[in-house]
Amino acid sequence: MVEHTEPEPSRPVRSWIRSSPGTHIWLLIIAITSVIVAIAPDQVDRVLLHRNSSNITQLVKYPVRALVSSGFWIANPASLALYAVLFELFHAPVERWLGTPRWFLIVATAHVVATLVSQKILLTAIQDHRAPHSMTHVVDIGVSYGLAASIGVLTYRIPGPWKWFYLAGALAFFGVPLVTGGTFTDLGHAIALSVGLLAWPLTRNVVSRET
């Protein structure tokens, strides 16, 4: 059973951040790496993104580092504001609802599973000459797999019939690109969404003190 810290009505921002610390620490790290990419010379930022990617080359050479570091960078620093909004809309509510350990388990599992499965399928396509060999070095970084997982598990937080409208929207958003000639990234998103949906057992026996 998960219990959460009492909110502080007089300090709503502090209360929100304290109730979802993992989300905001993660977002802070992404902000720092985004600043690094933004101020780095062109050649340096490309090296940084490639070295912190979870593409086939990096996964073969440095599997643990690639899986971990790829979750803390975004390719376009200009997207930071959008990611901040998405973190507040999806990660923070899930973490506040389930608690940090369950939330982290779900998003970390989704990130790892979606990355490994999608890259394995890409490797098979390269070996079968259905994709160019240069794809082994493609930049595969970002936080979207974790977001997809939170979007999936948040389905179980939405009350009544609205749950089904939300689920239909999530399935359409991630499913349409996949079935209309999607990339390995689209496949990864669909896998991560599925991980979130399959995490239903972790949403049981949760006691929330949100106001």
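Predicted model, so just to flag it, every value in this text is computed and none were measured.
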Over all atoms of both residues, closest heavy-atom pair of A199 and V153: CB-CG2, 4.3 Å

Residues that S20 engages under side chain to side chain donor-acceptor pair (under 3.5 Å), provided they are two or more places apart: H24

Intermediate values then yes/no, side chain to side chain contact (heavy atoms under 4.5 Å, CB included), S70 and D140: CA-CA 7 Å; S70 62; D140 181 28; over 6 Å; no

Smallest separation among heavy atoms of V107 and A149, with atom names: CA-CB, 4.4 Å

Partners meeting side-chain contact (heavy atoms from CB on, under 4.5 Å) with P132 (sequence neighbours left out): S134, M135

Non-hydrogen side-chain atoms of Q58 and N55 separated by less than 4.5 Å: yes

Point-to-point distance, once rounded to the nearest 0.5 Å, from CD1 of I158 to CG of L167: 9.0 Å

Nearest heavy atoms of L178 and A190, plus distance in Å: CD2-CB, 3.6 Å

Residue pair S34, Y83: steps toward the side chain to side chain contact (heavy atoms under 4.5 Å, CB included) verdict: CA-CA 11 Å; S34 296; Y83 278 110; over 6 Å; no

Residue pairs involving residues 171-190 (criterion salt bridge (charged side-chain N to carboxylate O under 4.0 Å, His left out); sequence neighbours excluded): none

Y145 to G188 - nearest heavy-atom pair and separation: CE2-C, 3.4 Å

Cluster link L82 to F72, ILVMFWY, side chain under 4.5 Å: yes

L147/F87 under side chain to side chain contact (heavy atoms under 4.5 Å, CB included): CA gap, chis, key distance, verdict: CA-CA 7 Å; L147 274 170; F87 268 50; 4.2 Å; yes

side-chain contact (heavy atoms from CB on, under 4.5 Å) involving I56 - partner list, sequence neighbours excluded: V60, Q119, L122, L123, I126, T136

Pairs touching residues 50-70 that satisfy salt bridge (charged side-chain N to carboxylate O under 4.0 Å, His left out), sequence neighbours left out: none

Nearest-0.5 Å distance that lies between atom CG in L187 and atom CD1 in I121: 4.5 Å

Between CD1 on residue I32 and CG on residue L80, distance to nearest 0.5 Å: 11.0 Å

Which atom of A192 lies closest to which atom of A148, heavy atoms considered: CB-CB, 3.8 Å

Common cluster, I191/L116, ILVMFWY with side-chain heavy-atom separation under 4.5 Å: no

Counterpart residues, side chain to side chain donor-acceptor pair (under 3.5 Å), relative to H91 (two or more places apart): W103, S150

Qualifying salt bridge (charged side-chain N to carboxylate O under 4.0 Å, His left out) pairs with a residue from residues 109-132, counting only residues at least two apart or across chains: D128-R130

Side chain to side chain contact (heavy atoms under 4.5 Å, CB included) between F173 and L193, worked out: CA-CA 10 Å; F173 183 83; L193 178 69; over 6 Å; no

Separation of I30 CD1 from L27 CG (nearest 0.5 Å): 6.0 Å

Nearest heavy-atom neighbours spanning R96 and S19: NE-OG, 3.1 Å

Flag, side chain of H189 to backbone of S144, donor-acceptor distance under 3.5 Å: no

Shared hydrophobic cluster, V85 / W26 (ILVMFWY, side-chain heavy atoms < 4.5 Å): yes

Value rounded to 0.5 Å, distance of OG1 in T203 from CD1 in I106: 8.0 Å

CG on L154 to CD1 on I151, rounded to 0.5 Å: 8.5 Å

With sequence neighbours excluded, residues passing side chain to side chain donor-acceptor pair (under 3.5 Å) with T23: E95

Under the side chain to side chain donor-acceptor pair (under 3.5 Å) test, residues paired with T124 that sit two or more places apart: none

Pairing residues for L49 by the side-chain contact (heavy atoms from CB on, under 4.5 Å) criterion, not counting sequence neighbours: V37, W73, V139, I141

Residues clustering with I39 (ILVMFWY side chains joined when closer than 4.5 Å, directly or via others): V35

ILVMFWY cluster membership beyond L198 - transitive side-chain contacts under 4.5 angstrom: none

Mutual orientation of the aromatic rings belonging to F90 and Y166 [parallel < 30°, tilted 30-60°, perpendicular > 60°]: tilted

V195 reachable from L105 in the ILVMFWY side-chain graph, under 4.5 Å edges: no

ILVMFWY network linking L48 to V143, side-chain heavy atoms under 4.5 angstrom: yes

